[in-house]
Amino acid sequence: MHPISLHPVIATIPSISRRVNSSKKLQIRAMRAVVQRVDSASVEVDGRVVSEIGPGLLVLVGLHESDTDSDADYICRKVLNMRLFPNDNTGKGWDLNVMQRNYSVLLVSQFTLYGILKGNKPDFHVALPPQKAKPFYESLVDKFRKAYRPDAIKDGIFGAMMKVNLVNDGPVTMQLDSAQPSK
């Protein structure tokens, strides 16, 4: 009878370790990008369009408090090289990147990508604070402009209340988190 009373205790140990391990997996410390293939996209502030693109990628960017230049380099490289477009010559569906198609990229800073619900209220404490996020975001936009054609990279207005309009092509939406070297 004694071994039977131990069995339920032993059975609960793996479920506790699974919960601990799964909670560690949820603590992503990386720059986050939500990439949408679009026919068109625009950003409006105070009733006027401040940026717009035709075909290309709309990239919503969330900056984490632990982000570094290597995270920005990774996101820039991956977004510009993601093969999300069809090749009309070969008929291959996922063959070309935004640069090969000569399309545009619209970057929009979005701290809410790092929102965590506490009850029903969002908490943004892991997002990079605005005073640090603005120069970091601007350096990310510069990285994109240097890596591609400067005129093909557009962005919203950091910190403004923006209305983002898009016509999603597909729809195709990918989430991308920067690679995490040991920090």
Contact check, side chains of [X] and [Y], non-hydrogen atoms, under 4.5 Å:
X: Val38; Y: Ile53; value: yes
X: Val105; Y: Lys154; value: no
X: Val61; Y: Ile75; value: no

Quick one: closest heavy-atom pair of [X] and [Y], and the distance?
X: Leu113; Y: Arg32; value: O-NH1, 3.1 Å
X: Ala41; Y: Leu58; value: CB-CB, 4.4 Å
X: Ala147; Y: Leu80; value: CB-CD1, 3.6 Å
X: Phe136; Y: Thr68; value: CZ-O, 3.3 Å
X: Val79; Y: Leu57; value: O-CD1, 3.7 Å
X: Asp95; Y: Gln100; value: O-OE1, 4.0 Å

Please identify each residue that fulfils side-chain hydrogen bond (donor to acceptor under 3.5 Å, both in side chains) with [X], with sequence neighbours left out.
X: Asn81; answer: none
X: Lys143; answer: Asp73
X: Glu44; answer: none

Using the salt bridge (charged side-chain N to carboxylate O under 4.0 Å, His left out) rule, collect all pairs that involve residues 81-93, keeping only residues at least two apart or in two chains.
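Non-adjacent pairs meeting salt bridge (charged side-chain N to carboxylate O under 4.0 Å, His left out): Asp88-Arg101.
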
Could you give all pairs that pass the side chain to side chain donor-acceptor pair (under 3.5 Å) test and reach residues 126-139, with sequence neighbours left out?
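Output for this query is empty, none listed.
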
Co-membership, hydrophobic cluster, residues [X] and [Y], 4.5 Å side-chain:
X: Val59; Y: Val34; result: no
X: Leu140; Y: Val35; result: yes
X: Leu84; Y: Tyr148; result: yes
X: Val50; Y: Val141; result: no
X: Leu107; Y: Leu128; result: yes

Sequence-distant partners of Arg149, salt bridge (charged side-chain N to carboxylate O under 4.0 Å, His left out), two or more places apart
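With sequence neighbours excluded, Arg149 shows a salt bridge (charged side-chain N to carboxylate O under 4.0 Å, His left out) to Asp151, given in chain and number order.
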
Residue pairs involving residues 78-112 (criterion ring pair (Phe, Tyr, Trp, His ring centres under 6.0 Å); sequence neighbours excluded)
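Non-adjacent pairs meeting ring pair (Phe, Tyr, Trp, His ring centres under 6.0 Å): Phe85-Tyr103, Phe111-Phe124.
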
Below 3.5 Å, can you tabulate the donor-acceptor pairs from side chains in residues 156-171 to any protein atom, sequence neighbours excluded?
from   : atom 1 : to     : atom 2 : distance (Å)
Asn168 : OD1    : Val172 : N      : 2.9
Asn168 : ND2    : Thr173 : OG1    : 3.2
Asp169 : OD2    : Arg37  : NE     : 3.2

Drop me the distance from Met31's CE to Leu63's CG, to the nearest 0.5 angstrom.
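Output value for this atom pair is 5.0 Å.
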
Under the side chain to side chain contact (heavy atoms under 4.5 Å, CB included) rule, collect the residues that match up with Lys118, sequence neighbours excluded.
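Side chain to side chain contact (heavy atoms under 4.5 Å, CB included) list for Lys118, sorted by chain: Asp123, His125.
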
Under the rule for side chain to side chain contact (heavy atoms under 4.5 Å, CB included), what residues qualify as partners of Glu52, not counting sequence neighbours?
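Checked Glu52 against side chain to side chain contact (heavy atoms under 4.5 Å, CB included); matches are Ser42, Val49.
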
Can you tell me if Ser104 uses its side chain to pair, donor with acceptor, with the backbone of Ile153 under 3.5 Å?
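Pair absent, no side-chain N/O of Ser104 close to backbone of Ile153.
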
